[in-house]
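Note sheet for the following structure.
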Amino acid sequence: MRPKSQIYVWPLDERTPRAARRAVAGLLDRWGVAEADADDVVLLVSEVVTNAVRHVRRELRDGGVVRVRVRVTGGRLRVDVTDPEPGCPRLGAAGENDEGHRGLIVVAACAGRWGWRPGPGGGKTVWWTQDVTRGGRRAGRRLIHGCGRAVLVLLARGR
């Protein structure tokens, strides 16, 4: 796979996670990334972008944006999600009945490596890497694949 890169910028609003999922899914399809790998990437993009939208302070929301950079080099994909909220993202300790607080747990379970760094202008960037393979056109959606199974195991354990 030859090196490729794409940057997206969206406003911090409730429609952004859906836009990010669609854009990244389409990009990975055009790049020929295998379906199961692409599904994992889209899941993680959704989790991290949703965190950015939900957890930014009100004073940073107006005019604030979330940036998603997707790069692939030699079968290794890297995604960087940058938002204006400073501070260290936390691996949540979700309770059994919590509907949230699992975003970074999902990233930790599915990514090859992940981390964060202070971003430009006081925000932060959450990043992760994944190995990806080339595949054909998306022939259909599988409900549960590699990363999905890992997430289900974590959720079953109450994490």
Side-chain angles (χ1 to χ4, degrees), residues 1-92 100-138 141-142 145-148 150-151 154:
M1 213 177 272
R2 102 183 143 94
K4 300 173 184 170
S5 182
Q6 176 71 42
I7 297 174
Y8 297 98
V9 180
W10 290 283
L12 288 164
D13 69 38
E14 69 277 352
R15 296 177 303 248
T16 295
R18 176 184 290 165
R21 285 191 300 270
R22 287 182 178 172
V24 171
L27 176 69
L28 298 176
D29 187 38
R30 288 189 303 279
W31 285 356
V33 172
E35 179 182 0
D37 292 337
D39 288 347
D40 291 349
V41 174
V42 170
L43 171 66
L44 299 188
V45 165
S46 182
E47 292 294 337
V48 177
V49 170
T50 298
N51 282 350
V53 169
R54 283 188 180 161
H55 299 295
V56 69
R57 286 175 290 166
R58 183 175 309 274
E59 63 267 20
L60 298 173
R61 181 174 303 280
D62 292 336
V65 297
V66 60
R67 285 177 170 66
V68 177
R69 181 176 184 195
V70 184
R71 294 178 281 177
V72 66
T73 305
R76 168 85 30 142
L77 182 120
R78 180 179 169 125
V79 179
D80 296 88
V81 178
T82 302
D83 68 66
E85 184 65 47
C88 176
R90 295 180 305 238
L91 279 172
H101 308 292
R102 292 187 175 90
L104 290 178
I105 294 170
V106 173
V107 173
C110 298
R113 292 182 53 217
W114 77 278
W116 76 280
R117 66 181 185 281
K124 70 177 167 309
T125 299
V126 175
W127 62 267
W128 67 90
T129 62
Q130 293 173 249
D131 291 330
V132 293
T133 56
R134 291 191 56 82
R137 300 284 300 171
R138 296 164 86 90
R141 309 279 300 172
R142 282 181 278 169
H145 44 84
C147 181
V151 170
L154 283 172

Exercise. Which value, rounded to the nearest 0.5 Å, describes the distance between Asp80 atom CG and Arg71 atom CZ?
Worked result: 5.0 Å
Exercise. Nearest 0.5 Å, what's the CZ-CD distance between Arg30 and Gln6?
Worked result: 7.0 Å
For this session: Decide if atom CZ of Arg61 counts as having more than 12 heavy atoms of other residues, nucleotides or ligands within a radius under 6.0 Å.
Result: yes
Seminar exercise, completed: Between Glu85 and Lys124, the two heavy atoms sitting closest are O-NZ, 3.0 Å
Seminar exercise, completed: Rounded to the nearest 0.5 Å, the OG1 atom of Thr16 sits from the CG atom of Asp83 at a distance of 11.5 Å
Problem set entry | 4.5 Å side-chain heavy-atom contact, Trp114 and Leu44 | no
For this session: Could you tell me whether Arg117 atom CZ has more than 12 heavy atoms of other residues or ligands within 6.0 Å of it?
Result: yes
Exercise. Say you draw a straight line from CD of Glu14 to CZ of Arg54; how long is it, rounded to the nearest 0.5 Å?
Worked result: 11.0 Å
Seminar exercise, completed: When every non-hydrogen atom of Trp10 is compared with those of Ala20, the smallest separation belongs to CH2-CA, 3.5 Å
Problem set entry | Shortest non-hydrogen separation from Asp37 to Thr133 and the atoms involved | OD2-N, 2.7 Å
Exercise. Can Val81 and Val66 be said to form a side-chain contact (heavy atoms from CB on, under 4.5 Å), step by step?
Worked result: CA-CA 7 Å; Val81 178; Val66 60; 3.6 Å; yes
Seminar exercise, completed: When every non-hydrogen atom of Trp128 is compared with those of Val41, the smallest separation belongs to CZ2-O, 4.3 Å
For this session: Quick one: pull up CH2 in Trp127 and CZ in Arg113 and give me the separation to the nearest 0.5 Å.
Result: 4.0 Å
Problem set entry | Closest approach of Val53 to Pro17 (non-hydrogen atoms, all atoms of both residues) | CG2-CD, 4.2 Å
Exercise. Can you name the closest pair of heavy atoms from Leu104 and Pro89 and give their distance?
Worked result: CD1-CB, 3.5 Å
For this session: Please say whether more than 12 non-hydrogen atoms of neighbouring residues, nucleotides or ligands are located less than 6.0 Å from CZ in Arg57.
Result: yes
For this session: Evaluate side-chain contact (heavy atoms from CB on, under 4.5 Å) for Arg69 paired with Thr125, printing each intermediate quantity in order.
Result: CA-CA 10 Å; Arg69 181 176 184 195; Thr125 299; over 6 Å; no
Problem set entry | Pair Val33-Val72, side-chain contact (heavy atoms from CB on, under 4.5 Å): steps then yes or no | CA-CA 10 Å; Val33 172; Val72 66; 5.6 Å; no
Exercise. So with a 6.0 Å cut-off around CZ of Arg21, is the heavy-atom count from everything else above 12?
Worked result: yes
For this session: Go through the steps for Val79 and Val24 under the test side-chain contact (heavy atoms from CB on, under 4.5 Å), then give the verdict.
Result: CA-CA 10 Å; Val79 179; Val24 171; over 6 Å; no
Exercise. To the nearest 0.5 Å, how far apart are CG in Leu60 and NE2 in His55?
Worked result: 14.0 Å
